[in-house]
S.K.: 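This is the structure I want to talk about, given as structure tokens.
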There are 2 protein chains.
Amino acid sequence: MRAEARPRDRAATRLRLLDAARALFAEYGYERVTVRMIASAADANIALVGRYFGSKAGLFGEVLRDEPTIRVVLEGDRAGLPRRLAEFAARRMHADPKSRILRALAHSADDPEIQELVRERLRTAIITPLAEFLGDDPDAMARARTAAALLTGITRVRRALGPEPPTPADVDRLTAMFTVCLDISGHEP
Amino acid sequence: MRAEARPRDRAATRLRLLDAARALFAEYGYERVTVRMIASAADANIALVGRYFGSKAGLFGEVLRDEPTIRVVLEGDRAGLPRRLAEFAARRMHADPKSRILRALAHSADDPEIQELVRERLRTAIITPLAEFLGDDPDAMARARTAAALLTGITRVRRALGPEPPTPADVDRLTAMFTVCLDISGHEP
DNA sequence: AACACTAGTAAACAGGCGTATACTTCCATG
DNA sequence: CATGGAAGTATACGCCTGTTTACTAGTGTT
């Protein structure tokens, strides 16, 4: 029962699918999003995903292609780059304010049990011990969280781009990053 | 046709399943590993996964429970912690099939086509432009790669632990980390 | 030796997935 | 107005998933 008929518009429907896919992929990742969820969120028929994008992977590829790069962050002076990057990253810590209510998510095949296991593991294995180690630092949790982000991010990038043996310079660089992250003043020679 | 019969041993079979699951989950992540893969790798029957661990998730939970935490890295003096963490992270950059470190926390369980899309995206969207920005730095690629790791890791942790609004201190900390990562000397006031 | 218990097995089940097909409905154009 | 093609739909297909059931076959105990 549709309250109001929508004019037939291939381009508009395509765009709705693209927008829905972008939001869902960004929030849940490729595998947890089904084409039925996308179609439902876009209020379009399932078959149109195949028709307009060939396949789920094709749609994903198009979403990726449209996503902005960090080139806009790079615009500006060199000295200010770290802060711009930090703000760029910080923006990602926010919850998306324009999150829509998605009907399909109610029946989604999401596995909350695993989500909880991973979450608990991340806490007990890395963040909490690290925070405890930091002791009375009021920002201990936030620091530990960021350190965990660097640790897991390294693994993720390595997995995506392939293994690359770390050089001594890499280790030095990571050391410096962890130093400032955890606010530990190393005894520099 | 089994060449040699194995003695019936519940505990041993359970352990074989656990070991197989650990290796597979570490390599491919939870979602891309099927119970049939685990059973096959352990040379055990599929039904035994359910019998001994309740479910695939139960088996995953048991694997997580057995994995070491970073507490061993924390053992030692505070000043040396950043370096120990760096070396811990660097170890993850190696292709280490025997590693007991569970990498499922940072996995991206994707079929090869998606893997390639993500990989290409990571390159063209973040790493390459960042490396080009850094110019003649011989370590430009390595630096960009590490910066990308921090960026993606933040997203990943946020996804696992839930969104948390960044504080000014967070942004400052990230700024400092990007500064040392990219070897950019900011103009501190 | 016979029994009871249990490790191990094979097969089926129900459901979700991405994808493809046959169909209906709309609209621009003759 | 008629009509052809495109937009959108409903549904089925084949596959693979985790899980469960009914069964077989070893094995320690009496």
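Chain A is the first sequence line, chain B the second, and so forth, proteins listed ahead of strands; every chain is numbered from 1. The shown structure was predicted, so the numbers you read here are calculated from the model rather than taken from an experiment.
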S.K.: Which donor-acceptor pairs under 3.5 Å do the side chains of residues 124-131 of chain A make with protein atoms, sequence neighbours left out?
M.R.:
from     : atom 1 : to       : atom 2 : distance (Å)
A:Thr124 : OG1    : A:Glu120 : O      : 3.1
A:Thr128 : OG1    : A:Arg123 : O      : 3.2

S.K.: Rounded to the nearest Å, what distance is computed from the CG atom of residue A:Asp9 to the C1' atom of nucleotide C:dC26?
M.R.: 13 Å
S.K.: Among D:dT17, C:dA7, C:dT19, find the nucleotide with the atom closest to the side chain of B:Thr34.
M.R.: D:dT17
S.K.: Ignoring backbone atoms, test whether A:Thr13 places a side-chain nitrogen or oxygen under 4.0 Å from the OP1 or OP2 oxygen of D:dG8.
M.R.: yes
S.K.: Nearest-Å distance, CZ (A:Arg10) to C1' (C:dA28)?
M.R.: 16 Å
S.K.: What heavy-atom pair brings A:Cys181 and A:Ala147 nearest, and what distance separates the two atoms?
M.R.: SG-N, 3.6 Å
S.K.: Please step through side chain to side chain donor-acceptor pair (under 3.5 Å) for the pair A:Asp170 and A:Thr167, ending with a clear verdict.
M.R.: CA-CA 5 Å; A:Asp170 285 325; A:Thr167 65; 3.2 Å; yes
S.K.: Please list residues of residues 44-54 of chain A whose heavy atoms come under 4.0 Å from any atom in DNA chain C, ordered by number; otherwise none.
M.R.: A:Ile46, A:Ala47, A:Arg51
S.K.: Taking only Lys NZ, Arg NE, NH1 and NH2, and the carboxylate oxygens of Asp or Glu, determine whether B:Arg119 and B:Glu116 approach each other closer than 4.0 Å.
M.R.: yes
S.K.: Excluding sequence neighbours, so at least two apart, what forms ring pair (Phe, Tyr, Trp, His ring centres under 6.0 Å) with A:Phe60?
M.R.: A:Phe25, A:Tyr30
S.K.: Calculate the interatomic distance between A:Ile38 atom CD1 and C:dT19 atom P; express it in whole Å.
M.R.: 10 Å
S.K.: Separation of A:Leu17 atom CG from D:dT9 atom P, in whole Å?
M.R.: 10 Å
S.K.: NZ of A:Lys56 versus P of C:dT19: gap in Å, rounded?
M.R.: 8 Å
S.K.: Using every non-hydrogen atom in the two residues, find where B:Asp139 and A:Arg173 come nearest and quote the distance to one decimal.
M.R.: OD2-NH1, 4.0 Å
S.K.: Taking atom C1' of D:dG18 as reference, at what distance in whole Å does atom CE of B:Met37 sit?
M.R.: 14 Å
S.K.: So if I define the base as every atom that isn't primed, P, OP1 or OP2, how would nucleotides 24-30 of chain D read as a B/S/- string at a heavy-atom cutoff under 4.0 Å?
M.R.: -BBS---
S.K.: CZ of B:Phe60 versus P of D:dG18: gap in Å, rounded?
M.R.: 13 Å
S.K.: List the atom pairs, donor and acceptor, that lie under 3.5 Å between side-chain atoms in residues 45-55 of chain B and the rest of the protein, sequence neighbours left out.
M.R.:
from    : atom 1 : to      : atom 2 : distance (Å)
B:Asn45 : OD1    : B:Ala47 : N      : 2.9
B:Ser55 : OG     : B:Ala57 : N      : 3.4
B:Ser55 : OG     : B:Gly58 : N      : 3.2

S.K.: Any donor-acceptor pair under 3.5 Å between the side chain of A:Arg36 and the base of C:dG18?
M.R.: yes
S.K.: Ion pair present between B:Glu31 and A:Arg32, side-chain N to carboxylate O less than 4.0 angstrom?
M.R.: yes
S.K.: The criterion is side-chain contact (heavy atoms from CB on, under 4.5 Å); which residues satisfy it with A:Arg78, sequence neighbours excluded?
M.R.: B:Phe133, B:Leu134, B:Ile184
